[in-house]
Engineer: 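Sharing a structure below in structure tokens format, with a few things to ask.
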Number of protein chains: 2
Amino acid sequence: MGELRETFDNPATCGLPQALEVMGERWSFLILRAAFNGYVHFEDFSSQLGIARNILSNRLARLVENGVMERKPCEHDRRKVEYRLTEKGYDLLPAMLALRQWGEKYGQNVNPELELVDAEKGEPIAPIAIRAADGRELGWHDLAWKKRGEKGKPDCC
Amino acid sequence: MGELRETFDNPATCGLPQALEVMGERWSFLILRAAFNGYVHFEDFSSQLGIARNILSNRLARLVENGVMERKPCEHDRRKVEYRLTEKGYDLLPAMLALRQWGEKYGQNVNPELELVDAEKGEPIAPIAIRAADGRELGWHDLAWKKRGEKGKPDCC
DNA sequence: TTTACAAGTTGTCATTTGCAACCTGTTTCC
DNA sequence: GGAAACAGGTTGCAAATGACAACTTGTAAA
């Protein structure tokens, strides 16, 4: 991405600009979603997302470059290539689900015939929430910024 | 955004494309972050983010249009305008924190002098996680898609 | 050994971004 | 009351990014 630089290079900044540097481009999250759904080949992503081939190529390369996905030629058919999530990629699941739940809460045309459930019990998962170390759910006004020993709520970044 | 349309209009789709339609553009999340940090005026956003004025104008208008922020002229100084988060905007906090935590976990130059804490106890908040209805933490492989009575793990969208 | 397929790359054109300059409606200061 | 300053924009233009279609390359199947 272009000029998040000023924010990006500031060492006192929070992790959001870094995350956006990697995932903030058009299609990145939808490619990630497809990967979570088991798609691994270039043509699969291409046909499922309807994304232009050069953009897909570019995005996959960027995701690989940033360690979110791994690229390796397929063993049995060396025409094919496999793109798979790394651990770093899997770690984006909470962020993706939080976005998705938000989209579903406020979206217009969303009737998700498919619902994410806890595989063990078959019940829907809980909404993604902010929690204290002891598990209490927290809202924005229950949060504060701490400066390495201090307490209070100064500006973030 | 341009051609997420095919995905967007499909009623069987999940909420992710909707969320990206609103928040997937450059700067949107950083504007949101600034709003969470108490910035309310055009010039505040402008100088904190270093974003071009026309883009800022456009993004704020889009966020207002999509119900994430509210725009109202300032009572006491009618030159000024206040942009404030709506409830819909506040509901993006988990998604934003999940992204931020991911960025901090894997980022290079991040030493967040400021840390988010539970205001009541002063301790750092827990990592944003996926949980079952009963509170158990879940990973990707503990999840399944349910189709309105069925059970299993077919394709998502 | 020809044909088909997967995964790109290249060329062209439309859209989006970034930058600077300008405009308009307050407010402040003298 | 009038001049200067300030907040929040808009406009015009250059540069970067995205979309679409056609072409290339390295396998594999027939």
Side-chain angles (χ1 to χ4, degrees), chain A residues 1-9 17 20-32 34-35 38-66 69-84, chain B residues 1-9 17 20-32 34-35 38-66 69-84:
Chain A
M1 289 176 84
E3 292 308 317
L4 302 169
R5 294 278 154 218
E6 217 149 337
T7 315
F8 183 71
D9 289 338
L20 294 173
E21 191 77 13
V22 177
M23 296 304 299
E25 283 167 309
R26 267 219 260 256
W27 297 109
S28 299
F29 260 107
L30 291 172
I31 291 171
L32 192 82
Y39 293 83
V40 291
H41 300 301
F42 188 94
E43 294 296 335
D44 298 340
F45 290 109
S46 174
S47 63
Q48 210 238 349
L49 298 174
I51 178 177
R53 304 175 70 79
N54 56 344
I55 304 297
L56 176 57
S57 176
N58 181 286
R59 287 300 173 279
L60 286 170
R62 259 182 82 71
L63 291 172
V64 168
E65 191 184 316
N66 285 295
M69 301 187 83
E70 247 169 3
R71 185 202 126 110
K72 78 163 199 245
C74 190
E75 293 278 289
H76 305 301
D77 185 344
R78 303 175 57 80
R79 288 173 303 182
K80 296 189 182 177
V81 169
E82 287 183 0
Y83 290 94
R84 291 187 181 281
Chain B
M1 291 175 84
E3 292 309 315
L4 303 168
R5 294 278 154 219
E6 218 150 336
T7 316
F8 184 70
D9 289 339
L20 294 173
E21 191 76 13
V22 178
M23 296 303 300
E25 284 168 308
R26 265 220 261 258
W27 297 109
S28 299
F29 261 107
L30 292 172
I31 291 171
L32 193 82
Y39 293 82
V40 290
H41 300 300
F42 188 95
E43 294 296 333
D44 298 339
F45 290 108
S46 174
S47 63
Q48 210 237 348
L49 297 174
I51 178 177
R53 304 173 69 77
N54 55 345
I55 304 296
L56 176 57
S57 177
N58 181 287
R59 287 300 173 280
L60 286 170
R62 260 182 81 73
L63 290 172
V64 169
E65 191 184 316
N66 285 295
M69 300 186 84
E70 248 169 3
R71 186 202 126 109
K72 79 164 198 244
C74 191
E75 293 278 288
H76 306 301
D77 184 344
R78 304 176 55 81
R79 287 174 303 183
K80 296 189 182 176
V81 169
E82 288 183 358
Y83 290 94
R84 290 188 183 281

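Naming: A, B, ... by sequence-line order, numbering from 1 per chain.
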Engineer: Using the test side chain to side chain contact (heavy atoms under 4.5 Å, CB included), find all partners of A:A61 that sit at least two apart in sequence or belong to another chain.
Structural biologist: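 For A:A61, no residue satisfies side chain to side chain contact (heavy atoms under 4.5 Å, CB included) once neighbours in sequence are set aside.
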Engineer: Please report the distance, rounded to the nearest Å, between NZ in B:K72 and C1' in D:dG8.
Structural biologist: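 Rounded to whole Å, this separation is 17 Å.
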Engineer: Specify the separation, in whole Å, of atom CD of B:E25 and atom P of C:dT16.
Structural biologist: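 Distance, rounded to whole Å: 9 Å.
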Engineer: What integer distance in Å separates B:E21:CD from C:dT16:P?
Structural biologist: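 One finds 11 Å between P of C:dT16 and CD of B:E21, rounded.
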Engineer: Minimum heavy-atom separation for A:L63 and A:S28, please, with both atom names.
Structural biologist: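 Reported closest heavy-atom pair: CD1-O, 4.5 Å.
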Engineer: For B:L60 and D:dT10, give me the distance from atom CG to atom C1', rounded to whole Å.
Structural biologist: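 In whole Å, D:dT10 C1' and B:L60 CG are 15 Å from each other.
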Engineer: Between atom CZ in B:R62 and atom C1' in C:dT16, what is the gap in whole Å?
Structural biologist: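 Rounded to whole Å, this separation is 12 Å.
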Engineer: Can you name the closest pair of heavy atoms from B:F45 and B:A35 and give their distance?
Structural biologist: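 For B:F45 versus B:A35, the nearest heavy atoms are CE2-N, 3.8 Å.
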Engineer: Please list, chain by chain and in numerical order, all residues satisfying side-chain hydrogen bond (donor to acceptor under 3.5 Å, both in side chains) with B:E65, sequence neighbours excluded.
Structural biologist: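 Not a single residue meets the side-chain hydrogen bond (donor to acceptor under 3.5 Å, both in side chains) criterion with B:E65.
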Engineer: Can you list the residues that meet the side chain to side chain contact (heavy atoms under 4.5 Å, CB included) rule with A:D44, with sequence neighbours excluded?
Structural biologist: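 Listed in chain order: A:Y39, A:H41.
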Engineer: Check whether any side-chain nitrogen or oxygen of A:S57 sits under 4.0 Å from OP1 or OP2 of C:dA7, and answer yes or no.
Structural biologist: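 It does not, given that no N or O in the side chain of A:S57 lies less than 4.0 Å from OP1 or OP2 of C:dA7.
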Engineer: Need to verify one output field. Residue with the more 5' nearest nucleotide on DNA chain D, A:N58 or B:E43?
Structural biologist: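 First, find each residue's nearest nucleotide; the 5'-ward one identifies B:E43.
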Engineer: Just the rounded figure in Å: distance from P of D:dA7 to NZ of B:K80.
Structural biologist: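 Between P of D:dA7 and NZ of B:K80: 6 Å.
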Engineer: Please confirm whether the shortest side-chain N or O distance from B:H41 to OP1 or OP2 of D:dG8 is below 4.0 Å.
Structural biologist: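 For B:H41, the contact criterion (side-chain N or O under 4.0 Å from OP1 or OP2 of D:dG8) is met.
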Engineer: Which nucleotide in the list D:dG8, D:dA19, C:dG18 gets nearest to the side chain of B:V81?
Structural biologist: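 The nucleotide sitting nearest to the side chain is D:dG8.
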Engineer: OP1 or OP2 of D:dA19 sitting under 4.0 Å from any side-chain N/O of A:W27?
Structural biologist: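 So the side-chain polar atoms of A:W27 do come within 4.0 Å of the phosphate oxygens OP1 or OP2 of D:dA19, strictly under.
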Engineer: Got a sec, which residues hit side-chain hydrogen bond (donor to acceptor under 3.5 Å, both in side chains) with A:E43, two or more places apart in sequence or on another chain?
Structural biologist: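 side-chain hydrogen bond (donor to acceptor under 3.5 Å, both in side chains) list for A:E43, sorted by chain: A:R53.
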Engineer: Note the angle between the end axes of the helix from C:dT1-D:dA30 to C:dC30-D:dG1, five pairs defining each, rounded to 10 degrees.
Structural biologist: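 The angle separating the two end axes equals 10°.
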Engineer: Taking side-chain hydrogen bond (donor to acceptor under 3.5 Å, both in side chains) as the definition, give me every residue that meets it alongside B:D77, ordered by chain and number, with sequence neighbours left out.
Structural biologist: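 In terms of side-chain hydrogen bond (donor to acceptor under 3.5 Å, both in side chains), with neighbours along the sequence ignored, B:D77 is linked to B:R79.
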Engineer: D:dT17 P sits how many Å from A:R26 CZ, rounded?
Structural biologist: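 Whole-Å distance recorded here is 13 Å.
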Engineer: What heavy-atom pair brings A:I31 and A:L49 nearest, and what distance separates the two atoms?
Structural biologist: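 Minimum heavy-atom contact is CG1-CD1, 3.7 Å.
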Engineer: Hey, what are the protein-to-nucleotides 21-30 of chain D N/O distances that come in under 3.5 Å?
Structural biologist:
unit_1, atom_1, unit_2, atom_2, d
D:dA28, OP1, A:R78, N, 2.6

Engineer: Using OP1 and OP2 only, check whether a side-chain N or O of A:R71 sits under 4.0 Å from C:dG8.
Structural biologist: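 So the side-chain polar atoms of A:R71 do come within 4.0 Å of the phosphate oxygens OP1 or OP2 of C:dG8, strictly under.
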Engineer: Within less than 4.0 Å of OP1 or OP2 of C:dG8, is there a side-chain N or O belonging to A:R59?
Structural biologist: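 Answer is no, no contact under 4.0 Å.
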Engineer: Whole angstroms only, please: what is the CD1-P distance between A:I55 and D:dA16?
Structural biologist: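 Spelled out: CD1 on A:I55 to P on D:dA16 is 16 Å.
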Engineer: For B:E82, which residues count as a side-chain hydrogen bond (donor to acceptor under 3.5 Å, both in side chains) partner, sequence neighbours excluded?
Structural biologist: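 side-chain hydrogen bond (donor to acceptor under 3.5 Å, both in side chains) list for B:E82, sorted by chain: B:R84.
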Engineer: Between A:Y83 and C:dA6, does any side-chain N or O lie under 4.0 Å from OP1 or OP2?
Structural biologist: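 No, A:Y83 has no side-chain N/O under 4.0 Å of OP1/OP2 on C:dA6.
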Engineer: Taking only residues two or more places apart in sequence or in another chain, which ones pass side chain to side chain contact (heavy atoms under 4.5 Å, CB included) with A:S57?
Structural biologist: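 Per chain and number, A:S57 pairs via side chain to side chain contact (heavy atoms under 4.5 Å, CB included) with A:F42.
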